[in-house]
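Contents: one structure, followed by commentary.
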Amino acid sequence: MSADPVTVVVAGATGDLGLRIVRALRREGTPVTAIVRPGANLARTAPLTALGARMVEAGPGRPGSWQAACAGAGCVVSALNGLSGTVIDAQTALLEGAVRAGVPRFIPSDFSIDYAKTVPGGNRNLDLRRTFQARLDAAPIQATSVLSGAFMELLDGQAPLILHRPHRVLCWGSADQILDFTTKDDTAAFTARAALDPEAPRWLRVAGDSFSARTLAEAASDVFGTRYRPLRAGGLGTLGLMIRVARTLAPGRGAVFPPWQGMQYLRDMFEGQARLTPLDNARYPDLRWTTVRTFLAESARRRGR
């Protein structure tokens, strides 16, 4: 008789990445308990219901709710995203609940460039992850962090490197610095496998594609049929100065991703120290990775280019 499938708890399940992780786990046939905020509205929970996830509420003002939500799980995956109240406080409450419930494994909400290689104080959101890492490593639970670089969707979103109207690809410092990107769906699929992998190590690093501004311009040229060229906006020192000015003029204290936060990520990536090496893409060999050319082609179809 086969053993019952392992249940995975996903916190932050109503968010963009969290929902994708739930979807990936359900494709694997995995029972999922989705933690949602107390009073979460139907529009946020309906997709989880459609996927067959079991939903439980947990949060401040509900003593024991995190532990109850984690009971019986083989792994807890955090996709909580926000500032210190979420990444540190809520995630710590989740971690403590998982430990009290006897859950053997925990995957934190890292999903970023290799923040262990960055300088503390230089990137607010990475500093929050670094602070939580210390708490996680001190806890009696097996941890696995999935580092996946920047989300490839940001190329046309909050960190637009591709400037379509002037047909340029923005870069800072060297146009040949290699950058790591992974789509959200690919990150979710790999995270789902890691959640089901009792032998997963402390750190897993993946990149759907790694490319420079120069090779990105070549890919954009091929996909869009118009020549794109790298545009060097300045050196890394200039970018650092712009970040300081932006933080002064628009502090964005309550925003998870103010403009200067995206600039901090770009600086860290173009510095090159936070590269994801070695890569663990082949750990689950049947997974397929979305290249930047495929992503750009799909983006062009969606936009009717």
Side-chain angles (χ1 to χ4, degrees), residues 17 78-79 81 83 87-88 107-134 136-137 143-155 157-162 169-184 186-187 190-191 194 201-216 230 232-244 246-247 256-281 283 289 291-292 295:
L17 181 61
S78 172
N81 188 37
L83 300 181
V87 174
I88 297 178
I107 296 178
S109 184
D110 283 347
F111 312 115
S112 63
I113 58 179
D114 198 339
Y115 61 85
K117 299 177 183 177
T118 63
V119 178
N123 186 311
R124 182 195 60 180
N125 286 9
L126 296 185
D127 284 343
L128 295 176
R129 282 159 172 76
R130 188 180 286 109
T131 297
F132 181 74
Q133 178 202 340
L136 178 57
D137 286 341
T144 296
S145 288
V146 176
L147 301 178
S148 52
F151 290 133
M152 202 173 288
E153 289 82 354
L154 295 177
L155 290 174
Q158 292 173 305
L161 293 181
I162 302 174
V169 171
L170 189 66
C171 66
W172 299 88
S174 173
D176 296 308
Q177 173 60 52
I178 301 298
L179 314 171
D180 299 312
F181 284 84
T182 308
T183 65
K184 293 176 183 179
D186 287 353
T187 299
F190 187 89
T191 301
R202 177 64 184 86
W203 300 94
L204 287 170
R205 299 171 177 85
V206 295
D209 205 350
S210 300
F211 47 82
S212 67
R214 194 178 309 281
T215 54
L216 179 57
R232 187 178 186 272
L236 295 173
T238 301
L239 180 55
L241 177 60
M242 292 178 63
I243 292 170
R244 290 193 293 273
R247 293 196 72 171
V256 178
F257 210 86
W260 54 262
Q261 178 66 80
M263 294 161 69
Q264 287 183 335
Y265 274 105
L266 286 176
R267 180 204 55 215
D268 291 341
M269 294 177 74
F270 277 105
E271 280 181 346
Q273 296 179 357
R275 282 290 317 279
L276 300 175
T277 57
L279 291 178
D280 297 291
N281 287 37
R283 184 173 183 87
W289 300 92
T291 66
V292 71
F295 172 79

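If you read the sequence from its start, that first residue is 1, and numbering goes on from there. Note that the structure is a prediction, hence the values are computed from the model and not measured.
Proximity of a side-chain donor or acceptor of S148 to a complementary backbone N or O of T187 within less than 3.5 Å is not detected.
Between A274 and T118 the shortest heavy-atom distance is CB-CG2, 3.9 Å. When all heavy atoms of A150 and I113 are compared, the closest pair comes out as N-CG2, 4.4 Å. Between S210 and I178, the shortest heavy-atom contact is CB-CG2, 3.7 Å. Taking every heavy atom of both residues into account, P108 and F132 meet most closely at CB-CE2, 3.9 Å. Between R247 and Q264, the shortest heavy-atom contact is NH1-NE2, 3.5 Å. Scanning both residues, K184 and E153, for their nearest heavy atoms gives N-OE2, 3.1 Å.
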D186/V206 under side chain to side chain contact (heavy atoms under 4.5 Å, CB included): CA gap, chis, key distance, verdict:
CA-CA 9 Å; D186 287 353; V206 295; over 6 Å; no
Step-by-step side chain to side chain contact (heavy atoms under 4.5 Å, CB included) determination, S112 to L147
CA-CA 5 Å; S112 63; L147 301 178; 4.0 Å; yes
Criterion side chain to side chain contact (heavy atoms under 4.5 Å, CB included) on R202 and L136, from CA distance to verdict:
CA-CA 11 Å; R202 177 64 184 86; L136 178 57; 3.8 Å; yes
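Taking CG from L204 and CG from L279, the interatomic distance works out to 11.0 Å, rounded to the nearest 0.5 Å. Rounding to the nearest 0.5 Å places CG of L128 at 11.0 Å from CG of D110. With rounding to the nearest 0.5 angstrom, the CG atom of L236 is 9.0 Å from the CZ atom of R267.
Separation of the F151 and F111 ring centroids does not fall under the 6.0 Å cut-off.
Side-chain atoms of N123 and Y115 form no donor-acceptor pair, as typed in the model, at a separation below 3.5 Å.
Among Q177, R232, R214, the single residue meeting the side chain to side chain contact (heavy atoms under 4.5 Å, CB included) criterion with C171 is R232. Here the options are D209, V292, L161, L266, the test is side chain to side chain contact (heavy atoms under 4.5 Å, CB included), and the partner is L179; only L161 passes.
Between D280 and R283 there is no salt bridge, since no side-chain nitrogen of the basic residue lies less than 4.0 Å from a carboxylate oxygen of the acidic one. Between R124 and D127 no salt bridge is recorded (no basic side-chain N to carboxylate O distance below 4.0 Å).
Side-chain contact check for F190 versus N281: every heavy-atom pair is 4.5 Å or farther apart. In this structure, L155 and L216 have side chains that are in contact, with non-hydrogen atoms separated by less than 4.5 Å. Contact check for F181 versus M269: side-chain heavy atoms found under the 4.5 Å cut-off. The shortest side-chain heavy-atom distance between I162 and L170 does not fall under the 4.5 Å cut-off. A heavy-atom distance below 4.5 Å is not found between the side chains of T277 and R205.
Taking the six-membered ring where tryptophan is involved, the planes of Y265 and F257 are essentially parallel, since the angle between them stays under 30° and well short of 60°.
Take N81 and apply the side chain to side chain contact (heavy atoms under 4.5 Å, CB included) test, not counting sequence neighbours, and it matches R129, V256.
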